[in-house]
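Structure first, then comments.
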Amino acid sequence: MMKLVTWNVNSIRQRCDHVLDYLAREQPDVLALQEIKCATDLFPADAFRKAGYECTAVGQKSYNGVAMLARQPFTVTHTALPGWETTPPQARYVEIRTGGLVVGNLYLPNGNSGGSAGYDSKLAFMEALALHARGLLQAGQDFVLMGDYNVCPTDEDCAPGALPPTDALVRPESRAAFRRLLWLGLTDALRALHPAGRFYTFWDYQAAAWQRDSGLRIDHALLSPRVAERLLTALPARDERGKPQPSDHVPLAITLADAMA
DNA sequence: ATGACCGGCCCGGCCGGA
């Protein structure tokens with residue numbers, strides 16, 4: 001069995017102990033982190049190495065930043081999303097190969113800041129991601145694309161009144177771009193196992209969102225066809241949000257059966 | 001009910017987040 005987890009930690013330096021606790025308790029094979037919010041050399045790799053994980057971080061001062069932790073050796077296949085460039089650069093993608101899988105870790109632009117250019121950049125990221133996924137499919141590669149997509153795919157993924165209909169997370173163009181990923185043949189792991197119901201991964205720090213369960217499902221794991229056949233479980237770790245000094249996102253964990261020989 | 005928070009930056013409020 002293989003366990004893969006995605007978690008937007010909203011600063012790894014603030015959340016290092018939470019992550020170490022999670023690793024000790026849940027023993028994931030791969031952990032994809034987003035919003036580490038530090039330069040690469042400030043990523044606390046030593047702490048994770050002591051816990052039995054090799055790391056690679058693609059950092060950036062103050063904003064964004066992604067990192068991968070894995071128990072087995074891995075190779076880094078990309079440190080940026082092919083076909084998506086900005087000036088200055090933004091650390092929003094890292095990809096590794098481990099355990100017979102390519103695992104892409106993404107932090108999609110929110111799309112609410114920077115006016116129409118900011119929103120266009122979000123759509124451009126999604127278009128580049130679709131092209132990249134298509135290439136992996138054509139190469140016959142088994143893969144998982146997991147991370148903070150900053151998209152609520154349907155109304156059921158958004159608590160009533162949590163966002164106005166004009167918000168970049170729920171706009172029709174954002175949802176259409178997410179559906180295009182599914183139309184390539186990718187499987188939304190959570191919905192494959194739980195077709196209906198509330199499975200939020202984010203609750204805003206503001207307006208008592210957690211206490212009111214005013215959440216969003218915006219963190220996702222998309223699976224290539226053969227990987228989807230191996231899917232056993234998919235669930236957000238809701239309890240993380242109730243802990244002291246939590247991230248506003250919780251981990252989303254999936255487990256896969258071993259591949260057929 | 002985005003009124004209500006949080007983190008980085010580097011000490012004073014502002015930017016970005018979703």
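The sequence lines fix the lettering, A, B, ..., with proteins before strands; numbering per chain opens at 1.
- Spacing of C1' atoms, B:dG17 relative to B:dT2, comes out at 12 Å, to the nearest Å.
- Side-chain proximity of A:Lys37 to B:dG16, B:dA4, B:dG17: nearest is B:dG16.
- Map A:Ile218 and A:Asp204 each onto its nearest nucleotide of DNA chain B; the residue landing nearer the 5' end is A:Asp204.
- Taking 4.0 angstrom as the limit, A:Asn8 places a side-chain polar atom (N or O) nearer than this to OP1 or OP2 of B:dA18.
- In this structure, A:Leu163 places its CG atom 13 Å from C1' of B:dA1, rounding to the nearest Å.
- The side chain of A:His249 contributes no N or O atom lying less than 4.0 Å from OP1 or OP2 of B:dG17.
- Between A:Ser113 and B:dG16 there is no side-chain polar atom (N or O) within less than 4.0 angstrom of OP1 or OP2.
- Here A:Glu26 pairs with A:Lys3 in a salt bridge; the nearest charged N to carboxylate O distance falls below 4.0 Å.
- A salt bridge between A:Arg226 and A:Glu229 is absent, with no side-chain N of the basic residue lying under 4.0 Å from a carboxylate O of the acidic one.
- Taking the six-membered ring where the residue is Trp, A:Phe178 and A:Tyr149 present perpendicular rings, their angle passing 60° and hence far from 30°.
- Proximity of A:Tyr107 to the phosphate of B:dA18: a side-chain N or O atom is located under 4.0 Å from OP1 or OP2.
- In this structure, a donor-acceptor pair under 3.5 Å is present between the side chains of A:Lys37 and A:Asn10.
- Separating the CG atom of A:Leu108 from the C1' atom of B:dG17 is a distance of 14 Å, rounded to the nearest angstrom.
- With a cut-off of 3.5 Å on both Watson-Crick or G-U wobble distances, the partner of B:dC10 is given as none.
- For the P atoms, the distance linking B:dA18 with B:dC6 amounts to 16 Å, nearest Å.
- A salt bridge links A:Asp157 with A:Arg191; the closest basic N to acidic carboxylate O contact falls under 4.0 Å.
- Within residues 170-177 of chain A, no residue has any heavy atom under 4.0 Å from DNA chain B.
- For the OP1/OP2 pair of B:dA18 and a distance below 4.0 Å, the side-chain nitrogens and oxygens of A:Asn150 include at least one atom meeting the criterion.
- A glycosidic torsion no more than 90° from 0 defines the syn conformation, and B:dC11 adopts it.
- Nucleotides B:dC10 and B:dC15 place their C1' atoms 15 Å apart, quoted to the nearest Å.
- With hydrogens and angles left out, the side chain of A:Asp167 and the base of B:dA18 share no donor-acceptor pair within 3.5 Å.
- For the pair A:Asp188 and A:Arg179, the salt-bridge criterion is not met [side-chain N within less than 4.0 Å of a carboxylate O].
- Of the side-chain N and O atoms in A:Gln60, none sit less than 4.0 angstrom from OP1 or OP2 of B:dG8.
- Separation of the P atoms belonging to B:dC9 and B:dA4 is 24 Å when rounded to the nearest angstrom.
- Remark: P of B:dG16 and NZ of A:Lys61 are 16 Å apart, rounded to the nearest angstrom.
- The two residues A:Ala91 and A:Gln60 have their closest heavy-atom pair at N-OE1, 2.7 Å.
- Each of A:Val94, A:Val66, A:Leu81 was scored for a side-chain contact (heavy atoms from CB on, under 4.5 Å) with A:Tyr107, with one residue passing: A:Val66.
- Taking for each of A:Gln206 and A:Tyr63 the nucleotide of DNA chain B with the nearest heavy atom, the 5'-most of the two is the partner of A:Gln206.
- A:Glu35 comes within 4.0 angstrom of sugar-phosphate atoms only, judged by non-hydrogen atoms across all strands, and of no base.
- Side-chain nitrogen and oxygen atoms of A:Asn10 include none within less than 4.0 Å of the OP1 or OP2 phosphate oxygen of B:dG7.
- Comparing B:dT2, B:dG7, B:dA18 by their nearest atom to the side chain of A:Arg212 picks out B:dT2.
- In this model, the phosphate group of B:dC6 is not approached by any side-chain N or O of A:Arg13 to a distance below 4.0 Å at OP1 or OP2.
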